[in-house]
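Shown next, in structure tokens, is the structure this report addresses.
Below, chain A is the first sequence line, B the second, and so on; all start at residue 1.
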Amino acid sequence: MQRLSMERPPGLGYNLFWKGVFLGIIFLFSYLVYFASQSVEYTWRWYRVPQYFYYTAKIDVTSPLEGEIRSITEDKDGIKVVIKGEEEETISLPAKSELLLSEGDYVYPGDKIGFYKKGKPGLFLVGLYITLEVSVLAIILGIIIGLLTGLARISKNPALRYLAITYIEIIRGSPLLVQIFLWYFVVGTLVNALLSKYGFSPIPSLWYGVISLAIFSGAYIAEIVRAGIQSVSKGQMEAARSLGLSYAQAMRKVILPQAFRRILPPLAGQFISLIKDSSLLGVIAIRELTKATREIVTTSLQPFEMWIVCALLYLVLTFTLSMFVQYLERKAIL
Amino acid sequence: MIKVRKLNKYFHVPYTLHALKDISCDIQKGEVVVIIGPSGSGKSTFLRCLNRLEFPDSGEIIINGQDILKAKKEINQIRAEVGMVFQNFNLFPHMNVLENITMAQMVVRKRKKKEAEEKALFLLSKVGLKDKALAYPGQLSGGQQQRVAIARSLAMDPKVMLFDEPTSALDPEMIGEVLAVMKNLAREGMTMVVVTHEMGFAREVADRVIFMDEGKIIEQGIPEQIFTNPQEERLKLFLNQILSGK
């Protein structure tokens, strides 16, 4: 934190007191939340949270055919059950399975032979993964779109310039939620109809989500890129051109590397909003973190804990990103 | 070597200004031409037209037989032949000194890295900065930066060097080191066009001095004649102001 050097440096007591005030406010706020939840008789059940990160599922193994169990052999690789009906079939189970039947038993299709336990990622992890996947793809696409649009925005070619301006204005002037609907329900319907007409499989909704986010943040990134390029002094371009570099070479070697360092902080802010905006994608049936949390709330009936965890998970993502960018900045500045 | 005919340049922002009015002049190979004049007289604009950093509105500029105003893609090759040194140095701050000097050699002249570095180190020792090869521009003084900028231009093996007030942004104690490098260059026979307020340099090094005012060449001649026997009233006034100021 910067302090004007004309101010007298604060004493030890001053800092201690106000840090105490800070902690006090945080504590008071937490207590108020707790107190309010008590008075509506909400029961906190934090122990319900971990199962939505990781749980052990019981997986049943059933018989596919009717017949008699001829043999059960067990070794370190697993258990093999041979069933003899009209034909013979071998069913293998993992090593630590529990068998419910024994040799000589007669089974019908769908009868449970045994079961085993397997660890599985819970809905929180699944949602987190989808959010991460969508965000990373959208960021990569968004950078490409933003860089090209930013360059087109300052191009002397009117067609490129007006295209860039039109794109930026349309995207920045309409709500993201509406854009997502447009991409999924209008563009998606048209594209998937065309694809199926010619015998291709439809594009999954995840990609419409990625595209809508990328196109949306691309418009903002374009303006950031433009501002970054224009903030590099005119003399840099002149010096590069005076040495015989072409416009493109000067951009690549001289202007963009300098612009990139300057736009890192606003770019990071844009990426952070993109991660947060991905929470809207639940409306087109992408099971990202927010949609997953809604499902969890429905099954667990513990909305307080689950939404708090959901917010914390977003915080982990955005905080990691901003730390990473700060690291890059420190490395880039000489 | 350089032939300029009837050059006109207007600036339209924020009001129309006729910056260059029918400028014509010839510069021979090996000649050192110093352009002087009050600020706003168009001398920098004229210099910047010579490598097309400003595009003139009419006229003709022939460098080495090539009409640079008609050039399209070739302008990059032409610019490589015409070195330019700026008032604000304009070194590339994200590259160290060596990279500053080798980058254009490799990109434009297609030299191998090793060859470009050898050339860069040779030129750095020529401007007295061999030990600064790995420093970044921000770590150098103004005078050192300007000497690196000169080395960067020279690395392209230019036929002409243009200097746009190369010492104007420098602290007084650093002007000498830059002028010394420029004097050496002149002595080696480099064709130079220099816009400057350093009358001492003009007197000592110039083959010809051009006095510009209000977008026109008012008077030109050998330094001796310009400084001791000026003909035009405006030149007399200018010299009076400059010399009495010192």
Handout entry: Atom of A/Gln258, atom of B/Pro93 and distance for their closest heavy-atom approach
Key = OE1-CG, 3.3 Å
Problem - Side chain B/His94, main chain A/Lys253, donor-acceptor under 3.5 Å - result: yes
Handout entry: Residue part contacting chain A, namely of B/Asn51, when any heavy atom lies under 4.5 Å
Key = side chain
Problem - Under 4.5 Å from a heavy atom of chain A, the part of B/Phe92 involved - result: both
Handout entry: salt bridge (Lys or Arg N to Asp or Glu O under 4.0 Å) pairs, two or more places apart, involving residues 145-156 of chain B
Key = B/Arg147-B/Glu177
Exercise for the section: Tabulate, in ascending numerical order, the residues of residues 112-125 of chain B having at least one heavy atom closer than 4.5 Å to a heavy atom of chain A, or enter 'none'. Expected result: none
Exercise for the section: Working to the nearest 0.5 Å, report the span between CD of A/Glu238 and CE of B/Met84. Expected result: 7.0 Å
Handout entry: Under 4.5 Å from any heavy atom of chain B - which part of A/Ala250
Key = neither
Practice task
Under 4.5 Å heavy-atom distance to chain A, tell me which part of B/Val82 shows up: side chain, backbone, both or neither.
Solution key: backbone
Practice task
Could you tell me whether B/Phe11 atom CZ has more than 12 heavy atoms of other residues or ligands within 6.0 Å of it?
Solution key: yes
Problem - Sub-4.5 Å side-chain heavy-atom contact between B/Met156 and A/Leu243 - result: yes
Exercise for the section: Please check if atom NZ in B/Lys29 has more than 12 non-hydrogen atoms from other residues, nucleotides or ligands closer than 6.0 Å. Expected result: no
Problem - Euclidean distance, B/Asp164 CG relative to A/Ser242 OG, rounded to 0.5 Å - result: 11.0 Å
Exercise for the section: Could you check if a side-chain atom of A/Leu245 sits within less than 4.5 angstrom of a side-chain atom of B/Met103, using non-hydrogen atoms only? Expected result: yes
Practice task
Kindly compute the distance separating CG (B/Asn76) from CD (A/Gln249), expressed to the nearest 0.5 Å.
Solution key: 7.0 Å
Practice task
Say whether, by atom type as modelled, one donor and one acceptor occur between the side chain of B/Asn90 and the main chain of A/Ala239 under 3.5 angstrom.
Solution key: no
Practice task
Ignoring hydrogens and angles, tell me if any N or O in the side chain of A/Gln236 forms a donor-acceptor pair with the backbone of B/Leu91 under 3.5 Å.
Solution key: yes
Exercise for the section: For atom CZ of A/Phe22, decide whether the heavy atoms of other residues, nucleotides or ligands shown that lie under 6.0 angstrom number more than 12. Expected result: no
Problem - Greater than 12 external heavy atoms within 6.0 Å of A/Tyr129's OH - result: no
